[in-house]
Amino acid sequence: QPIPKSEDPSEMPPAEWASVIALQENRTVANCEMGIVKPGNEIFWINVTASPLPMEGHGVVVTYSDITEKRRIETQLRDSSNRCRQFFENAGVYSYLVSPEGIILEVNQTALQSLGYSREELVGQPLSALYAEESLDQAMELFQRWKINGRVRDAELMIKAKNGDKRWVILNADAVR
């Protein structure tokens with residue numbers, strides 16, 4: 001059974017401690033993350049594994065490792081990811097994430113609202129679904145160039161909105177590798 005991962009160490013009652021569970025249920029409890037509040041309310045995070053000793057009445061063996069730095073880095077990564085997501089979603093230009101196979105993986109709100117599509121209508125579709133017939137060959141040629149060079153700059157293409165309207169755009173694309 002997984003052990004709760006509490007962000008507030010004061011919320012983890014002793015009944016949820018790895019050592020108590022290991023003794024009560026006579027089983028190994030691994031990878032239980034616990035926070036210990038140090039003076040000044042600083043939290044020291046540990047990863048705990050507890051196993052009952054095979055001899056009756058001899059207790060439990062507990063090992064732990066300091067994961068404070070790991071937790072700090074995870075928080076920074078999560079915060080950075082959220083900032084990137086917000087930037088992508090709120091950019092004032094049409095933005096797409098496309099796989100190397102040419103499948104639309106993500107599209108931002110600006111593109112969705114301007115072109116009239118829902119996210120579900122575009123995500124998972126081939127990139128060609130966005131381009132007007134007049135620009136399709138050029139778009140596919142640019143896509144191949146992007147796959148090789150990792151970059152396309154200032155290419156004028158015509159895209160199509162859901163209602164059939166066509167719009168000229170300037171394509172700038174970079175590969176994230």
Side-chain angles (χ1 to χ4, degrees), residues 1-9 11-12 16 30-35 41-49 65-177:
Q1 260 184 1
I3 303 300
K5 183 176 177 179
S6 176
E7 294 303 317
D8 179 356
E11 293 180 6
M12 185 179 257
E16 293 180 5
N31 299 317
C32 176
E33 293 186 5
M34 295 178 65
N41 287 329
E42 182 183 352
I43 300 174
F44 172 76
W45 288 97
I46 57 174
N47 185 315
V48 180
T49 296
S65 58
D66 180 354
I67 59 168
T68 305
E69 182 67 7
K70 174 183 170 264
R71 293 282 299 240
R72 185 188 65 74
I73 291 169
E74 287 172 348
T75 299
Q76 286 178 335
L77 182 60
R78 191 171 35 257
D79 291 348
S80 177
S81 178
N82 288 338
R83 283 191 303 276
C84 287
R85 163 68 49 198
Q86 288 176 357
F87 178 80
F88 175 81
E89 279 298 329
N90 298 310
V93 295
Y94 303 171
S95 296
Y96 312 93
L97 294 178
V98 180
S99 74
E101 295 77 31
I103 303 300
I104 300 169
L105 302 174
E106 193 58 75
V107 57
N108 75 347
Q109 284 300 315
T110 301
L112 293 173
Q113 290 170 355
S114 295
L115 299 174
Y117 292 103
S118 70
R119 190 174 309 280
E120 295 73 25
E121 289 174 305
L122 288 180
V123 171
Q125 296 299 312
L127 183 59
S128 59
L130 289 172
Y131 291 98
E133 190 67 35
E134 300 91 320
S135 289
L136 197 51
D137 288 342
Q138 181 188 5
M140 294 305 101
E141 181 184 315
L142 289 167
F143 179 71
Q144 292 305 317
R145 190 180 323 157
W146 170 81
K147 284 175 57 173
I148 294 167
N149 300 328
R151 177 174 247 194
V152 172
R153 287 287 174 262
D154 301 321
E156 293 184 19
L157 296 163
M158 189 178 293
I159 60 172
K160 60 184 176 187
K162 183 177 179 177
N163 67 6
D165 288 349
K166 297 176 182 179
R167 301 174 187 176
W168 285 102
V169 295
I170 297 175
L171 175 67
N172 288 293
D174 287 290
V176 178
R177 299 181 183 181

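Excluded from the calculations below are hydrogen atoms, water molecules and symmetry mates; all remaining heavy atoms, backbone and side chain alike, are included. One-based numbering along the sequence shown. Worth saying up front: this structure is predicted, and the values here are computed from it rather than measured.
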Roughly how far, to the nearest 0.5 Å, is the CG atom of N31 from the OG atom of S65? 8.5 Å
Any heavy-atom pair between the side chains of L136 and S128 that's under 4.5 Å? yes
Per the ring-ring contact (aromatic ring centres under 6.0 Å, His included) rule, what does the pair list look like for residues 141-174, sequence neighbours excluded? F143-W146
Is S114 reaching over with its side chain to a backbone N or O of T110, donor-acceptor style, under 3.5 angstrom? yes
What's the verdict on side chain to side chain contact (heavy atoms under 4.5 Å, CB included) for E33 and K70, showing C-alpha distance, side-chain angles and the deciding distance? CA-CA 11 Å; E33 293 186 5; K70 174 183 170 264; 3.6 Å; yes
Taking the side chain as every heavy atom from C-beta outward, state whether L127 and L130 have any atom pair closer than 4.5 Å. yes
Once salt bridge (Lys or Arg N to Asp or Glu O under 4.0 Å) is applied, what residue pairs with a partner in residues 129-144 remain, sequence neighbours excluded? E134-K166, E141-R145
List the steps and the verdict of side chain to side chain contact (heavy atoms under 4.5 Å, CB included) for Q109 and L112. CA-CA 5 Å; Q109 284 300 315; L112 293 173; 3.8 Å; yes
When rounded to the nearest 0.5 Å, the distance separating CD1 of I103 from OH of Y96 is 15.0 Å
Could you check if a side-chain atom of Q125 sits within less than 4.5 angstrom of a side-chain atom of Y117, using non-hydrogen atoms only? no
Please test I170 against N172 for side chain to side chain contact (heavy atoms under 4.5 Å, CB included), starting from the C-alpha separation and ending with a verdict. CA-CA 7 Å; I170 297 175; N172 288 293; 4.0 Å; yes
CZ/F87: more than 12 non-hydrogen atoms of other groups inside 6.0 Å: no
Please identify which of these residues, I43, V48, I67, meets the side chain to side chain contact (heavy atoms under 4.5 Å, CB included) condition with M34. V48
I would like to know whether K147 and E101 meet salt bridge (charged side-chain N to carboxylate O under 4.0 Å, His left out); could you show each step before the answer? CA-CA 9 Å; K147 284 175 57 173; E101 295 77 31; over 6 Å; no
For the residue pair A111 and S95, what are the closest heavy atoms and their distance? CB-N, 4.3 Å
Determine yes or no for a side-chain-to-main-chain donor-acceptor pair under 3.5 angstrom, with T68 supplying the side chain and W45 the backbone. yes
F88 and L97: side chain to side chain contact (heavy atoms under 4.5 Å, CB included), yes or no, with the steps? CA-CA 10 Å; F88 175 81; L97 294 178; 4.1 Å; yes
Pair E74-R78, salt bridge (charged side-chain N to carboxylate O under 4.0 Å, His left out): steps then yes or no: CA-CA 6 Å; E74 287 172 348; R78 191 171 35 257; 5.4 Å; no
Check: Q76 main-chain N/O paired with S80 side-chain donor or acceptor under 3.5 Å: no
Side-chain polar contacts of residues 149-164 - donor-acceptor pairs under 3.5 angstrom, sequence neighbours left out - could you list them?
from : atom 1 : to   : atom 2 : distance (Å)
R151 : NE     : D174 : OD1    : 3.0
R153 : NH1    : D174 : OD2    : 3.4
R153 : NH2    : D174 : OD1    : 3.1
R153 : NH2    : D174 : OD2    : 2.6
K162 : NZ     : E121 : OE1    : 3.3
K162 : NZ     : E121 : OE2    : 2.6
N163 : OD1    : D165 : N      : 2.9
N163 : ND2    : D165 : OD2    : 3.3

